[in-house]
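What follows is one structure encoded as structure tokens, with my remarks underneath.
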Amino acid sequence: MGQTPLYVVTAAAGGGVGGVARTVVQMLLEGGQRVRATVHREDERSRQLRELGAEVIAGDLTDPRHAAEVLDGSNRVFFSMGVSERYLEATTVWALAARSTPGTEVVVNMSQMTVSQMTATSTAESRQQRLHFLAEHVLDWSGVPVVHMRPTVFLENPLFNEIVAPGLRERGVLALPFGTGRTSPVAADDVAASVTAVLLAPSTHTGPVYELTGPQSMALPQLADAFGRGLEQPVAAEPLTLEAWAAQLEAVGLDAHVQQHLATMARLHRENRYDRCTDEVQTLTGRPATPVDVWVRQHRDEFQSDPQAPRQVPK
């Protein structure tokens, strides 16, 4: 008794959007905590986690033997997984394993804010969003102490990152199919800090749902202005059709399940399903959520071309 808790963090090699799980591992280790991290395979990323001080176990999140091995002796769990058709299966395996693990204080579950607006019969959402909806219910029914984290769209999502980057670099435009819909994207670091806060003090958090957003809900022209401030250059809003967006996703060559998820997210943005804004990042972390322009400034190398290369600047 008296030993510091053992934290388990799944998918810690960075498979999820923004590498939230990996950042949670880093934050816990920096605070002197004991961390056991799961990875899908041994590679350079698992070696780096060990160098940080984590115990690392490789395996498949849908394998019940892997889940039992990882959870043995643990107290607090952050369950996350990238977009996958096997998401519900993995969540169910870990819910059963956590229920069978003595001393489980909390399972912090990475979900999605869209779940807040879903019902038992809704079908407008993506297959991945539906899996999150069902996974939350499985965890609730399991009886383990659970906290659901429901971030809105990440700033690190391809919606705001690699898919729009070419337009920003080559033509100075932010091209998105949101119509007049508004959104409040959140930074992965803010989500990781919020998750870490719950893990460190589970007795004060077990039970609630936290909805995490950026500090402001904005339409496409405001988003373009924020990108322009962050990049310190003119950026114009360029509305796209959903068909043009789907063609871009196809050209990128993403997995069909991921494509369907991103295409649906774009449509739901257009239907104004992402016009949400909360202060729960600040409630959990003690600091405001990161504004879009600040995040863009921190990641400007991802959006700017060689300064010597010619580029059309929109008027």
Side-chain angles (χ1 to χ4, degrees), residues 14-20 22-23 45 82-83 151-193 212-242 244-255 258-259 261-263 265-270 274 277 281 288-315:
V17 172
V20 170
R22 182 183 179 85
T23 304
R45 296 172 300 176
V83 176
T152 187
V153 60
F154 282 87
L155 280 162
E156 290 81 359
N157 189 286
L159 280 164
F160 298 106
N161 212 294
E162 57 258 42
I163 297 179
V164 301
L168 288 163
R169 285 194 296 263
E170 298 162 14
R171 298 187 294 116
V173 298
L174 181 66
L176 286 167
F178 293 173
T180 59
R182 303 174 71 87
T183 189
S184 54
V186 66
D189 282 354
D190 291 339
V191 176
L212 309 175
T213 76
Q216 181 183 4
S217 186
M218 297 180 285
L220 181 56
Q222 294 171 290
L223 284 169
D225 288 344
F227 269 79
R229 291 193 301 274
L231 296 174
E232 297 181 322
Q233 67 184 47
V235 173
E238 183 175 274
L240 292 180
T241 64
L242 291 175
W245 178 254
Q248 286 194 23
L249 295 178
E250 183 72 26
V252 172
L254 298 171
D255 171 86
V258 177
Q259 281 191 44
H261 179 53
L262 292 177
M265 289 181 72
R267 174 175 55 77
L268 294 179
H269 268 89
R270 202 175 185 90
Y274 284 83
C277 198
V281 168
T290 304
V292 172
D293 59 334
V294 173
W295 181 87
V296 171
R297 191 173 303 119
Q298 294 168 347
H299 297 80
R300 61 190 305 165
D301 289 348
E302 300 172 22
F303 302 107
Q304 288 186 316
S305 60
D306 184 332
Q308 302 303 316
R311 180 177 63 80
Q312 287 182 314
V313 177
K315 296 180 180 180

(message) Check whether E238 reaches the backbone of V173 with its side chain - one donor and one acceptor, N or O, closer than 3.5 Å.
(response) no

(message) For a quick test of reading the model, state the closest non-hydrogen atom pair linking A187 to W295 and the distance between them.
(response) CB-CD1, 3.9 Å

(message) Counting C-beta onward and ignoring hydrogens, is there a side-chain heavy-atom pair between L212 and D190 closer than 4.5 Å?
(response) no

(message) Nearest 0.5 Å, please: how far is CD in E156 from CD in E162?
(response) 10.5 Å

(request) Give the minimum heavy-atom separation between S184 and T152, together with the two atoms involved. (result) O-CG2, 3.0 Å

(request) Going by the side chain to side chain contact (heavy atoms under 4.5 Å, CB included) test, name the single residue among V296, L176, V292 that passes it with F160. (result) L176

(request) Could you tell me how the ring of H269 sits relative to the ring of Y274: parallel (under 30°), tilted (30 to 60°) or perpendicular (over 60°)? (result) parallel

(message) Looking at every heavy atom in both L249 and Q259, which two are closest together, and how far apart are they?
(response) CD1-O, 3.7 Å

(request) Please say whether more than 12 non-hydrogen atoms of neighbouring residues, nucleotides or ligands are located less than 6.0 Å from CD in Q298. (result) yes

(request) Scan N157, L155, L159 and name whichever one has a side chain to side chain contact (heavy atoms under 4.5 Å, CB included) with P185. (result) L155

(message) Could you walk me through whether M218 and D225 satisfy the side-chain contact (heavy atoms from CB on, under 4.5 Å) test, starting with their C-alpha distance in whole Å, then the side-chain angles of each, then the deciding distance to 0.1 Å, before giving a yes or no?
(response) CA-CA 10 Å; M218 297 180 285; D225 288 344; over 6 Å; no

(message) With a 4.5 Å cut-off on side-chain heavy atoms, are Q216 and P291 touching?
(response) no

(request) Determine the minimum heavy-atom distance between A175 and V164, stating which atoms define it. (result) O-CG1, 3.7 Å

(request) For the pair D189 and T290, evaluate side-chain contact (heavy atoms from CB on, under 4.5 Å) and give the outcome as yes or no after the intermediate values. (result) CA-CA 9 Å; D189 282 354; T290 304; over 6 Å; no

(request) Just jot down the salt bridge (Lys or Arg N to Asp or Glu O under 4.0 Å) partners of R267, sequence neighbours excluded, or say none. (result) E271

(request) Specify the closest pair of heavy atoms between A224 and A236, including all atoms of both residues, with the distance to one decimal. (result) CB-C, 3.9 Å

(request) Report the residues that fulfil side-chain contact (heavy atoms from CB on, under 4.5 Å) with A165, sequence neighbours left out, ordered by chain and then residue number. (result) R169, F303

(message) For P215 versus C277, what's the shortest heavy-atom pair and its separation?
(response) O-SG, 3.5 Å

(request) Would you please name every residue forming a salt bridge (Lys or Arg N to Asp or Glu O under 4.0 Å) with E232, sequence neighbours left out? (result) R300

(message) Would you compute the distance between atom NE2 of H299 and atom CG of L231 and round it to the nearest 0.5 angstrom?
(response) 12.0 Å

(message) With heavy-atom distances below 4.5 Å as the criterion, would you say the side chains of F154 and N161 are in contact?
(response) no

